[in-house]
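See below for the structure under consideration.
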Amino acid sequence: MSRGVKDVDFLLEGLNPEQARAVKTTEGPLLILAGAGSGKTKTLTHRLAYILATNRATPFNILAVTFTNKASGEMRHRITELLGGSRGNRNLLPFMGTFHGICVRILRQDGQHIGIPRNFVIWDEVDRLAAIKQASRRLQIDEKKFPPRLLAALISGAKNEMVTPAEFSEIAGSPAEQTAAKVFPVYEDLLKENGALDFDDLIARTVELLTTQAPIRDKWQRQFKYVMIDEYQDTNAAQYQLVKLLTAAHHNIAVVGDDWQSIYSWRGADYRNILNFESDYEGATVIKLEQNYRSSANILEAAHNVISHNQNRSQKKLWTAAAPGIPVQILQVSSERAEAEAIVRRVRAAVDAGARDYRDFAVLYRTNAQSRAIEEAFVSYSLPYRIVGGVRFYERKEIKDVMAYLRLIYQPNDTVSFERVVNLPPRGIGRKSLEVFDSWRRGEGYDLLEAMTRVESCAALTTKARQGLSELADIIASFGSQIDNLTPEVLTERLLKKLDYFRHLIDGTPQGEARVENVKELLSVAAQYHDVGLGGFLEEVALVSDLDTINMKESGGASKATKDEDRPNAVTLMTLHSAKGLEFPAVFITGLEETVLPHSRALYDASELEEERRLMYVGMTRARTELYLIHAVGRGLHGGYTSNPPSRFLADIEDSRVATATDFGSPDSLQASDEPRYVLDLAEGEVVRHKIFGDGTVLTLEGETATIYFKGKGTKKLNIAFAPLEKL
DNA sequence: TCATTTAACGTTTTT
DNA sequence: CGTTAAATGA
């Protein structure tokens, strides 16, 4: 034992006393209240490594839950690093992943006990929405009165609270809730018919499994001797129950989180889970990590000023050994345009002076719509940027379409995927034909593939539709028979060829080319799943949907799809929500006005206002040394123009921490660059190509400002001295 | 069935 | 204002 203790000393080095105590507290319930920038991930990974290195458990007996695949990958990486190359074998790493990923593994193994097919497919938001639409149509519900999105949200909320359709129908109050109560069971039937589970089911049905099947529960409880949950403030009711079930036998549960950073309550997350931990788990140890290693004292104190105005929060006081640093800059500008230009000017000045790289900066906003003005300024002044979030890789139409084909091949009864691809490429099968086909199929009692194969005997369909459907049946059947012989990559490749899919995507526009590149990117992702087959590939794509994650996984793969847009040295633009967990040397928070941040929909609800304040807090604590808080006197909103007072959050900050300035700067100051100016020689009516917007026609030209119409993108006003344009 | 015009709408979104 | 989804015409 003495030798063992000596061996693990290195795992405590470089930790502060609280962090070290957290690492050494391996037994019993443990709550780590980890403030922003307090070394949370470091503590977590060291604790995991410590449990392993002291032989308290094998990797097999440890479960580590994170909220994102990125976080889980990061943890995996750091543990491997800590424990050295000799332990680099993947099998020696603990069971790590997201709640959803872990539930999938449990359900694949034991789901049959509650009637879940082993090869169930996972429906994402888009699939769920399509299914709800289908259910609404079946029930003749007016989609305008009760939008599918709203019904989906209500049903999802119910599932997260573990409310069954029957219970939901009893408690439904409002007309919308009553409608959702009608749709709910039909939607559940659709899931069952298609052998599918949605994201909420993954958690809820695992809870059901562990609740109703005692032997299975015992098995998993025995396996997971030590359980760790990250971002515990973001757990919902179902996840809370899942954790309870998994840890009931041994009580070795460590949760980490920060209620001050809870910003997803509108999605069912309940930060009271973290506040109630001590009463939920008897004999819990509580450790607060309050030393901040990230921000200057001015930034940290300013953030603290803001969060202090919340009533519902745990008590802690972050501190830092760092110097005060420069004050937080509160900047008043005239408009969203001026806001963007103020940012451009500061970024450019710092980069030109050699003080910073583009990648040191982040621009944060409350709503995605705010990114446009910023993007426009970045484009016209040629500053490199990348946007995090927005349209996700997996949600792109062309990707969803290919995936739907693959899913249909894998699971030929998936009617949702079927409807998606049945007329793609166009086979002359529209809504009418589909209706006819569906009622005929139901009448005959055929399943989907069977019906497609025997479609010739469906007299009510047009010849063209019959032809198209049997053609699709051939594709499904022939590729289906090869699932086990071909790798996902080859299968996908041949499918694309069979469909002549690239030709279908190319329409002469740069957007068309981007679609082709995206599908090629998907192909290169598929190449990584040789060993797990089509099923494994489909699963991974269902659970890992972010482009960044996919790029990360490639780890230096020969992807030529990554182009200028994701060049690493660029300013990062993203919502405040997406910024959680990240840090940057310099941060701009934009739109600090009433109705923007705090958002108008949160102004009259105390708890929503507190969440807005937490959002502000999250944003502020992303900054290491420079923090800019920008508010505009007025900004364009839905076509009109609105003028709003500065955000109340600005007034929360002590004067001693801030420097206030006004920046109504004229565009001229931006052009005072020593770069040689190369002004494109344009005339009205000429056709040009823009790096981002594609091909366009010059409508008007006034000095250096050209109004250009881009097909599919609308008209843009661009400064031809800076815009990345070329003549065609 | 499909492409184009018109109307409605306008937080955040780890999986 | 700019984008998206439904409604309309060919």
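Order of the sequence lines sets the chain letters (A, B, ...), proteins ahead of strands, with each chain counted from 1.
Between the base of dT15(B) and the side chain of Arg267(A) there is a donor-acceptor pair shorter than 3.5 Å.
Comparing the C1' positions of dA5(C) and dT12(B) gives an interatomic distance of 22 Å, to the nearest angstrom. Remark: the separation of the C1' atoms in dT11(B) and dA6(C) is 24 Å, to the nearest Å.
Stacking of the aromatic ring of Tyr264(A) onto the base of dT13(B) is not found under the criterion of centres within 5.5 Å and planes under 30°. Judged by ring centres under 5.5 Å apart and planes tilted less than 30 degrees, His100(A) fails to stack against the six-membered base ring of dT15(B).
Across the protein-nucleic acid pair, Glu612(A) atom CD and dT12(B) atom P stand 11 Å apart, rounded to whole Å. Regarding Arg601(A), its CZ atom lies at a distance of 5 Å from the P atom of dT11(B), rounded to whole Å. Look at CG on Leu597(A): it is 13 Å from P on dT12(B), rounded to the nearest Å. Summarising the geometry, the separation between CE on Met616(A) and C1' on dT11(B) is reported as 17 Å, rounded to the nearest angstrom. Across the protein-nucleic acid pair, Asp605(A) atom CG and dT12(B) atom C1' stand 15 Å apart, rounded to whole Å. In this entry the distance linking NZ of Lys580(A) with C1' of dT15(B) reads 13 Å, nearest Å.
Between Ser578(A) and dT13(B) there is a side-chain N or O to OP1 or OP2 distance below 4.0 Å. In this structure, Asn368(A) reaches the dT13(B) phosphate: one of its side-chain N or O atoms is under 4.0 Å from OP1 or OP2. Using a 4.0 Å cut-off, no side-chain N or O of His577(A) falls inside it from OP1 or OP2 of dT12(B). A close approach under 4.0 Å does occur between a side-chain nitrogen or oxygen of Thr575(A) and OP1 or OP2 of dT13(B).
Base contact: Asp234(A) has a heavy atom under 4.0 Å from a base atom. No engagement by Ser600(A) is indicated, since no non-hydrogen atom pair under 4.0 Å with the nucleic acid exists. Backbone-only contact: Ser433(A) has heavy atoms under 4.0 Å from sugar-phosphate atoms and none from a base. Within 4.0 Å (heavy atoms only), Arg635(A) reaches no atom of the nucleic acid at all.
Shown here is Glu188(A), whose CD atom has more than 12 heavy atoms of other residues, nucleotides or ligands within 6.0 Å.
Listed by chain and residue number, Glu339(A), Ile343(A), Val363(A), Tyr365(A), Gln370(A), Ile374(A) satisfy the side chain to side chain contact (heavy atoms under 4.5 Å, CB included) test with Thr590(A) (two or more places apart in sequence, or in another chain). Residues satisfying the side chain to side chain contact (heavy atoms under 4.5 Å, CB included) test with Thr642(A), not counting sequence neighbours, are Leu637(A), Asn644(A). Contacts of Glu583(A) classified as salt bridge (Lys or Arg N to Asp or Glu O under 4.0 Å), with partners at least two apart in sequence or in another chain: Arg294(A), Arg624(A). Remark: Leu139(A) pairs with Ile141(A), Lys182(A), Val183(A), Val186(A) by the side chain to side chain contact (heavy atoms under 4.5 Å, CB included) rule, at least two apart or across chains.
The salt bridge (charged side-chain N to carboxylate O under 4.0 Å, His left out) analysis of residues 257-266 of chain A, with sequence neighbours excluded, yields the pairs Asp258(A)-Lys316(A), Asp259(A)-Lys316(A).
Contact check for Asp201(A) versus Ile116(A): no side-chain heavy atoms found under the 4.5 Å cut-off.
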Dump the pairs, protein N or O against N or O of nucleotides 4-6 of chain B, anything under 3.5 Å, distances to one decimal.
none

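Along DNA chain B, the nucleotide nearest Glu608(A) and the nucleotide nearest Leu434(A) are compared for position; the residue whose nucleotide lies closer to the 5' end is Leu434(A).
For the side-chain hydrogen bond (donor to acceptor under 3.5 Å, both in side chains) with Glu74(A), the qualifying choice from Lys70(A), Arg78(A), Arg76(A) is Arg78(A), the only one to do so.
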